[in-house]
Q: 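Before I ask anything, here is the structure I am working with.
Order of the sequence lines fixes the chain letters, A, B, ..., with proteins taken first and strands second; residue numbering starts at 1 for each chain.
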Amino acid sequence: MSNNGNIHSPVIAVLALQGAFAEHEQMLQKLGVETFEIRNRTDWDKPKDGLIIPGGESTTMTRIMHDLDLWEPVRDAIKGGLPVFGTCAGLIMLDSNHLGTMNITAKRNAYGRQLGSFYHDGEFRGITDVPADSELSTQDSQLPMTFIRAPYIESHGEGVEILASVDGKDVAARQGNQLVTAFHPELNDDTRVHDFFLGMIKGVK
Amino acid sequence: MEDRQTLNRNLAQMLKGGVIMDVTTPEQARIAEAAGACAVMALERIPADIRAAGGVSRMSDPKMIKGIQEAVSIPVMAKCRIGHFVEAQILEAIEIDYIDESEVLSPADDVYHIDKRKFNVPFVCGAKDLGEALRRINEGATMIRTKGEPGTGDVIQAVRHMRMMQSEIRRLTSLNADELYEAAKQLRVPFDLVQYVHDNGKLPVVNFAAGGVATPADAALMMQLGAEGVFVGSGIFKSGDPVKRAQAIVKAVTNYDNPKIIAELSEDLGEAMVGINENEIELLMAERGK
């Protein structure tokens with residue numbers, strides 16, 4: 001779909017320790033991208049061009065990553081420039097209190113319990129604000145955003161660009177090769193955020 | 001605008017690949033969370049003790065549930081009796097993350113389940129075959145689990161229920177379109193649910209295993225049979241070393257297809273819960289609420 005001018009089609013690893021990893025794989029398959037799952041240290045050693053950390057429970061992922069010797073290698077690879085996309089729990093995993101690769105602090109369960117979960121149509125810088133006559137235009141000024149017991153970005157520092165905010169709270173950000181959303185693009189049919197991440201990998205975003 | 005049903009199905013999607021553990025105290029809840037549970041089920045007595053105590057078993061004290069909500073950051077579930085919509089209203093009032101309308105408690109209604117679409121909080125329900133699962137989904141359940149036989153430490157019923165559901169799903173996918181009307185009649189469920197299963201080869205909601213899971217191997221067995229995650233009730237805190245067993249089961253669910261890792265996880269776990277064999281039990285909880 002969007003592999004024009006690329007040397008090879010990227011291979012994306014999806015952290016499959018717990019949570020909604022299958023939904024991310026389905027999104028990437030829709031975009032014609034090859035994926036594989038990381039469930040243990042052996043899986044991690046396979047070649048990859050990017051990593052997705054899905055939604056789920058960050059305490060569960062933290063525990064399993066430590067126990068299965070994945071914590072250091074994942075952190076070091078991201079620090080070394082491996083492109084990464086974290087959604088919801090994945091956003092929390094990259095913050096300063098967890099893997100610490102991004103200059104952000106997440107507020108967990110920021111909207112309360114499940115009764116606080118909500119859906120929102122919102123704007124996303126680099127996706128919904130592209131002029132209609134541009135080649136990159138997606139022709140839709142709103143992006144579906146599903147928040148499930150979601151966090152938001154409480155504070156951010158140097159190098160972090162905020163890409164989306166809802167009611168004054170920051171819910172998507174980028175820092176170099178790292179992309180995070182507090183919502184779940186993998187739960188809706190809209191593939192634009194995943195495409196945006198692929199653009200980051202290819203260096204066109 | 002997405003509705004609550006969708007958001008509630010979405011929360012179940014976030015629990016996939018995880019282990020939901022029964023806990024009776026804030027201390028146990030913290031142990032479960034640290035061990036990697038993706039959610040906890042707060043209840044006064046675990047199924048094995050409910051079974052031993054006998055008598056009428058009801059929703060837990062809301063104060064006890066609130067204590068557990070305060071102790072952990074992961075989702076907290078709690079059980080209400082089948083058909084007891086006021087217990088469900090109470091659980092919604094204390095903002096529980098998921099209600100389990102559960103056969104483990106004494107049923108309050110032998111005809112009607114709760115109209116779960118009236119609630120904003122999500123419900124998980126037990127099922128032992130496809131018909132039960134789809135009837136609960138039609139009533140508004142946004143997550144399904146096998147009934148198994150709770151509090152026994154015997155996995156045979158969970159296996160039976162999961163195999164039954166999967167084989168009925170496979171059968172539906174093989175039917176001709178014009179045969180689906182009769183299938184809907186036989187299953188006593190609306191046509192659109194039957195059509196969904198026929199087209200997609202799966203339930204429209206997440207499907208977990210529950211009832212009798214006691215070891216990492218039990219959990220991996222249920223995952224290989226098609227479960228998307230596992231509830232562990234009595235199996236953890238009725239065992240010799242709950243912390244170690246809980247951690248092992250969490251990792252076994254992630255690596256359910258990797259015998260080498262499960263072998264390592266199964267070493268030195270101490271005593272498993274003693275358990276009761278299926279033919280030794282007097283009360284079949286799975287027969288409650290069809």
Q: With rounding to the nearest 0.5 Å, note down the distance linking CG in A/Asn40 to CD1 in B/Ile261.
A: 4.0 Å

Q: More than 12 foreign heavy atoms under 6.0 Å from NZ of A/Lys46: is that the case here?
A: yes

Q: Verify the neighbour count for atom CD of A/Glu34: are there more than 12 heavy atoms of other residues, nucleotides or ligands below 6.0 Å?
A: no

Q: Counting only heavy atoms closer than 4.5 Å, note whether A/Ala22 contacts chain B via side chain, backbone, both or neither.
A: side chain

Q: Under 6.0 Å from the NZ atom of B/Lys202, do we count more than 12 heavy atoms belonging to anything else shown?
A: yes

Q: Name the region of B/Glu228, side chain, backbone, both or neither, that has any atom closer than 4.5 Å to a heavy atom of chain A.
A: neither

Q: Considering non-hydrogen atoms only, spot the tightest contact between B/Asp97 and A/Arg113 and give its length.
A: OD1-CB, 3.2 Å

Q: Would B/Gln247 and A/Asp67 count as a side chain to side chain contact (heavy atoms under 4.5 Å, CB included) if you check the C-alpha gap in whole Å, the side-chain angles of each, and the deciding distance to 0.1 Å?
A: CA-CA 9 Å; B/Gln247 290 178 6; A/Asp67 287 356; 4.2 Å; yes

Q: So which heavy atom on A/Leu115 is nearest to which on B/Glu92, and how close?
A: CD1-O, 3.9 Å

Q: Which of the residues A/Cys88, A/Ala20, A/Gly19 is involved in the greatest number of heavy-atom pairs with chain B at under 4.5 angstrom?
A: A/Gly19

Q: Near A/Asp45 CG, under 6.0 Å, is it more than 12 heavy atoms from other residues, nucleotides or ligands?
A: yes

Q: Would you give the length of the straight line joining atom CG of B/Leu7 to atom OG1 of A/Thr146, rounded to the nearest 0.5 angstrom?
A: 6.5 Å

Q: At a 4.5 Å cut-off on heavy atoms, which part of B/Tyr256 comes close to chain A: side chain, backbone, both, or neither?
A: side chain

Q: Counting only heavy atoms from other residues, nucleotides and ligands, does the tally under 6.0 Å from CZ of B/Phe85 exceed 12?
A: no

Q: Quick one: what part of B/Ala34 sits under 4.5 Å from any heavy atom of chain A, side chain, backbone, both or neither?
A: backbone

Q: For side chain to side chain donor-acceptor pair (under 3.5 Å), just list the numbers for B/Thr254 and A/Arg39, CA-CA rounded to whole Å, side-chain angles, deciding distance to a tenth of an Å, and then say yes or no.
A: CA-CA 6 Å; B/Thr254 298; A/Arg39 293 174 181 272; 5.8 Å; no

Q: Heavy-atom pairs under 4.5 Å with chain A - which of B/Ile74, B/Val121, B/Val19 has more of them than the others?
A: B/Ile74

Q: Among B/Leu11, B/Asn258, B/Asn120, single out the residue with the greatest number of heavy-atom pairs under 4.5 Å to chain A.
A: B/Leu11

Q: What's the separation between atom CE in B/Met14 and atom NE2 in A/His184, rounded to the nearest 0.5 Å?
A: 3.5 Å

Q: What part of B/Lys251 gets within 4.5 angstrom of chain A, counting heavy atoms only: side chain, backbone, both, or neither?
A: side chain

Q: If we ignore hydrogens and angles and just use 3.5 Å, is the side chain of A/Thr60 paired with the main-chain N or O of B/Ala37 as donor and acceptor?
A: yes

Q: Is A/Arg108 in contact with chain B via its backbone, its side chain, both, or neither, using a 4.5 Å heavy-atom distance?
A: side chain

Q: Between A/Met61, A/Gln114, A/Glu57, who has the most heavy-atom pairs with chain B when the cutoff is under 4.5 Å?
A: A/Gln114

Q: Give a yes or no on this: more than 12 heavy atoms of other residues, nucleotides or ligands lie within 6.0 Å of atom CG of B/Asp192.
A: yes

Q: One pair to check against side chain to side chain contact (heavy atoms under 4.5 Å, CB included): A/Leu68 and B/Asn255. What are the steps and the verdict?
A: CA-CA 10 Å; A/Leu68 298 182; B/Asn255 281 286; 3.5 Å; yes

Q: Work out which heavy atom in A/Asn109 is nearest to a heavy atom in B/Ser73; give both atom names and the distance.
A: ND2-O, 2.8 Å

Q: Report the C-alpha distance between A/Glu23 and B/Asn10 in whole Å, list the side-chain angles of each, state the deciding distance to 0.1 Å, and finish with yes or no for side chain to side chain contact (heavy atoms under 4.5 Å, CB included).
A: CA-CA 11 Å; A/Glu23 288 79 352; B/Asn10 288 159; over 6 Å; no

Q: Indicate the atoms forming the closest heavy-atom contact of A/Gln18 with B/Gly18, along with that distance.
A: CG-CA, 3.7 Å

Q: What distance separates A/Tyr119 OH from B/Asp3 CG, expressed to the nearest 0.5 Å?
A: 11.5 Å

Q: Where do B/Arg4 and A/Ser117 come nearest, in terms of heavy atoms and distance?
A: NH1-O, 2.9 Å

Q: Can you tell me which portion of B/Asn8 sits under 4.5 Å from chain A's heavy atoms? Options are side chain, backbone, both or neither.
A: both

